[in-house]
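Quick notes on the structure that follows.
Below, read A as the first sequence line, B as the second, and so on, with proteins coming before strands; counting in each chain starts at 1. Small disclaimer: the values here were computed from a predicted structure and weren't measured.
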Amino acid sequence: MVKRDMARLLEEAVRDAQRRGLIPLVALPDVLLERPQNPEHGDHASSLPLKLARAARMNPMAIAQAITSCIQLPPQVQKVTTAPPGFINFALHPAWLARQVDTILELGEGYGNLDLGGRKPIQVEFVSVNPTGPLHVGHGRGAILGSTLARVLAAAGYSVATEYYINDAGNQMNAFYRSLFARYQQALGLEAELPPDGYQGDYVIDMAREIVAREGDRFLNMPPPEAVEAIGKIGVKKVLESIAQDLARLGVTFDVWFSEQSLYREGQYQRAMAILRDKGYIEEREGAVWFVSTALGEDKDNVLVRGDGSPTYFASDVAYHYNKFQERGFQQVINIWGADHQGHVSRMKAVVGALGFDPDRLRIIITQMVTLKRGEALLRASKRSGDIVTLRELVDEVGADACRFVFLSRSADSQMEFDLELAKLQAPENPVYYVQYAHARIASILHLAQERGIDYSSGDVALLTHPAEQALLRKMIQLEELVETVALSLEPHYLPHYSQDLATAFHSFYKQCRVVSKNEKLTHARLKLVAAAQITLARTLHLMGMTAPERM
RNA sequence: GUCCCUGUAGCUCAGAGGAGAGAGCAACUGCCUUCUAAGCAGUGGGUCGGGGGUUCGAAUCCCUCCAGGGACGCCA
């Protein structure tokens, strides 16, 4: 990776300068290199001299010159210059840049893979919505974020497992069961009322009708509690199937669908509670069992077991995370939660610490709310009221690729507006098509070359000296750095931005440089460049979970 | 009241201590006899919410105020 090479080069030069007494022995800051926005300042830049000036009690320019004088140019670098008030600028060597085409072609689909993670087992848990109804658009955001992170982490060399936590225990499920049973009775022409805390959505009615069609009235012959349970199970299965389908259409799949109930069946709950009890984090008062989070600096304690003896969802979460770290041995766990769970972050981390694990091994990403607009009309999503725009509807209208791209473009921290009308209206001008169009154009050139039977395998990349070719190359070689950035920051919104930059570099090259021409040698070299650009662009699209179309 | 997120071009958003603050859309001007014009080249547009502070240097860090959203249950 170029950036790392440059950083090492700089660091060695500083050490050398210190050894030779050109600059004093002072500690170095963490960040050594930046990427200058002005191309005149080279490909990489360092403001290290400015940062050292005070401690070194030297003029920054003098430091810059001292360091620069200790740099021995590697093949990657054409020149190193100093600039006031104290910058060191690195310019990559055009010949080296051109040679990266061959490197990328050799790596093929593997270009962009790193071994940053050392195969460490890492879990990404996301969506994890109660199986009580269809997913809405907010869930789509978490789904796309999670699945993209999983792809990038895998590329970065982690051993990634994706997981959906099924909240199939607790009050919400019970309300859903009873709602479904009421609709079932209604579907059979009986008088029945939806419970006051019930689910009003039409999908419950549809589901009840399906159950009647398939199973008849046999549940009426059971004692009502049994019937509710039996119908509920069928309902959950149906809902989960439809959730899985909706997600699959978005390119989101899971390695594991983990049941909350299993935590109780298989003893994880009991074991986790025993640990907390042994370590003195549990107190019983007011008829309930509490996790004494105040002992860990939290604002307040939290109930684990209610007065009626039933565990809270927090108790389930304790057992679940005990299971993740202790029983399944994940080194790192990433949870993606909606903004409405933000208040639970610190207590969750506290309890992980209380169980004996380093809380930093748990990283929780909060995705902010999505508001849907249809033109001027604001649409609020509430599952209870039944007034929702479902994820399925969104994908139907906008398409999976565009959905992924739009959601990925925003950082998880910022609330976003999704205007359905605009998304449809803008379709041809949408950046997603701009990026994919670049890929289709590349494919088209390569098809032409194939039709004409051009063998460019021995093309000489040294001919790639045109500014547009070099600009394209500069973008292409940033892919590895991008994968690293996203894997460390867990912020995939860099991907769509990079893909646009890459597409721009290609479109501009395409306009300025004829690829298949009468100049045979240049044609061969450029076909190589184009093939490498295709690899880079396709890889970027695939990391985002998008398709790379051959034609549009 | 407390805690979290956000406030950057007309709109949607990047930019997390460095060099005249960026992109897409929208607006305007040019460019198709050549591999896809879903494209390219260019123009206009900004008190980076306000005010203090730290720093050689702040959209970025600290304090404070304002505005929007979310969370503060023996709901999930």
Side-chain angles (χ1 to χ4, degrees), chain A residues 29 31 34 36-38 40-41 45-48 50-51 53-54 60 83-87 89 128-130 132 167 169-173 175 197 260 286-290 299-300 302-317 338-346 366-369 371 406 409-419 422-423 425-438 440-449 451-452 489 493-494 496-497 500-501 503-504 506-517 523 526-527 530 551-552:
Chain A
V31 180
E34 295 120 38
Q37 54 217 32
N38 186 335
E40 285 170 23
H41 298 141
S46 177
S47 58
L48 193 65
L50 289 163
K51 294 190 168 99
R54 176 180 286 260
F87 290 100
N89 296 328
S128 301
V129 178
N130 272 344
T132 55
N167 294 109
N171 294 335
Q172 294 300 319
M173 289 316 298
D197 57 346
E260 178 182 2
E286 300 157 37
V289 177
W290 297 74
D299 299 347
K300 54 187 180 199
N302 301 98
V303 172
L304 289 166
V305 184
R306 300 183 186 95
D308 68 1
S310 63
T312 61
Y313 92 102
F314 180 56
S316 293
D317 264 355
D340 53 339
H341 287 66
Q342 155 266 120
H344 307 287
V345 172
S346 69
I366 299 295
T367 60
Q368 292 299 320
M369 285 194 25
T371 42
V406 170
S409 302
R410 275 74 159 168
S411 82
D413 284 339
S414 55
Q415 296 158 218
M416 59 175 289
E417 270 185 18
F418 202 122
D419 189 331
L422 214 64
L425 213 90
Q426 289 182 343
E429 260 77 38
N430 199 307
V432 61
Y433 300 108
Y434 176 84
V435 174
Q436 292 183 320
Y437 183 57
R441 270 185 153 176
I442 291 173
S444 167
I445 295 171
L446 295 176
H447 284 143
L448 180 77
E451 271 170 30
R452 299 202 185 162
S489 68
H493 68 269
Y494 292 106
H497 290 110
Q500 281 188 84
D501 288 348
T504 297
F506 176 77
H507 284 309
S508 179
F509 156 78
Y510 178 90
K511 184 70 182 176
Q512 293 177 65
C513 301
R514 174 81 200 177
V515 177
V516 180
S517 69
T523 297
R526 284 183 172 164
L527 281 170
V530 166
R551 66 188 70 233
M552 286 173 70

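- Applying the 4.0 Å criterion to OP1 and OP2 of B/A23, one finds that A/Thr504 has every side-chain N and O outside that range.
- Proximity note for A/Lys511 (side chain, C-beta onward) versus B/C35, B/A23, B/C31: the nearest is B/C31.
- Looking at heavy-atom distances under 4.0 Å, A/Met173 makes no contact with the nucleic acid at all.
- Within the 4.0 Å cut-off from OP1 or OP2 of B/A38, at least one side-chain nitrogen or oxygen of A/Tyr437 is found.
- No engagement by A/Ser310 is indicated, since no non-hydrogen atom pair under 4.0 Å with the nucleic acid exists.
- Residue order along RNA chain B, read from the 5' end via each residue's closest nucleotide, puts A/Phe418 first among A/Phe418 and A/Gly343.
- Dashed line: the shortest gap from a side-chain N or O of A/Asn171 to OP1 or OP2 of B/C75 is under 4.0 Å.
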Scan nucleotides 18-22 of chain B against the protein and return all N/O pairs shorter than 3.5 Å with their distances rounded to 0.1 Å.
from, atom 1, to, atom 2, distance (Å)
B/G18, N7, A/Ser47, OG, 2.9
B/G18, N7, A/Lys51, NZ, 3.3
B/A19, OP2, A/Gln37, OE1, 3.4
B/A19, OP2, A/Gln37, NE2, 3.4
B/A19, N6, A/Asn89, OD1, 2.5
B/A19, N1, A/Asn89, OD1, 3.3
B/A19, N1, A/Asn89, ND2, 3.2
B/G20, N1, A/Asn38, ND2, 3.1

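- Among the heavy atoms of the strands lying under 4.0 Å from A/Ala288 is at least one base atom, whether or not backbone atoms are also near.
- Not one side-chain nitrogen or oxygen of A/Ser409 sits closer than 4.0 Å to the OP1 or OP2 atom of B/A14.
- A distance of about 14 Å separates the P atoms of B/C4 and B/C61, rounded to the whole Å.
- The phosphate of B/C75 has OP1 or OP2 within less than 4.0 Å of a side-chain N or O from A/Arg306.
- Distances were taken from every side-chain heavy atom of A/Trp290 (C-beta onward) to each of B/A76, B/A37, B/C74; the shortest belongs to B/C74.
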Original post:
Under a 3.5 Å cutoff on both atom distances, Watson-Crick or G-U, what's the dot-bracket for RNA chain B ([ ] crossing, | other strand)?
Top reply: ((((((((.[[[[.)..(...]]]].(((((.......))))).....[[[[[..)....]]]]])))))))....
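- Side-chain proximity of A/Asp340 to the nucleotides B/C35, B/A71, B/C72 is greatest for B/A71.
- An anti orientation is assigned to B/G50, its glycosidic angle lying beyond 90° of 0.
- With P as the reference atom, B/C13 and B/G49 are 15 Å apart, rounded to whole Å.
- Of the side-chain N and O atoms in A/Tyr313, none sit less than 4.0 angstrom from OP1 or OP2 of B/G73.
- Here A/Tyr494 lies in heavy-atom contact (under 4.0 Å) with sugar-phosphate atoms only.
- Taking the ring centre of A/Tyr510 as origin, the terminal cationic atom of A/Arg441 falls inside the region bounded by 6.0 Å and 45° from the ring axis.
- Remark: the A/His344 side chain and the B/A76 base include a donor-acceptor N/O pair separated by less than 3.5 Å.
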Produce the list of close N/O pairs, under 3.5 Å, pairing protein atoms with atoms of nucleotides 3-7 of chain B; give distances to one decimal.
from, atom 1, to, atom 2, distance (Å)
B/C5, O2', A/Asp413, O, 2.2

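- Dashed line: the shortest gap from a side-chain N or O of A/His507 to OP1 or OP2 of B/A41 is not under 4.0 Å.
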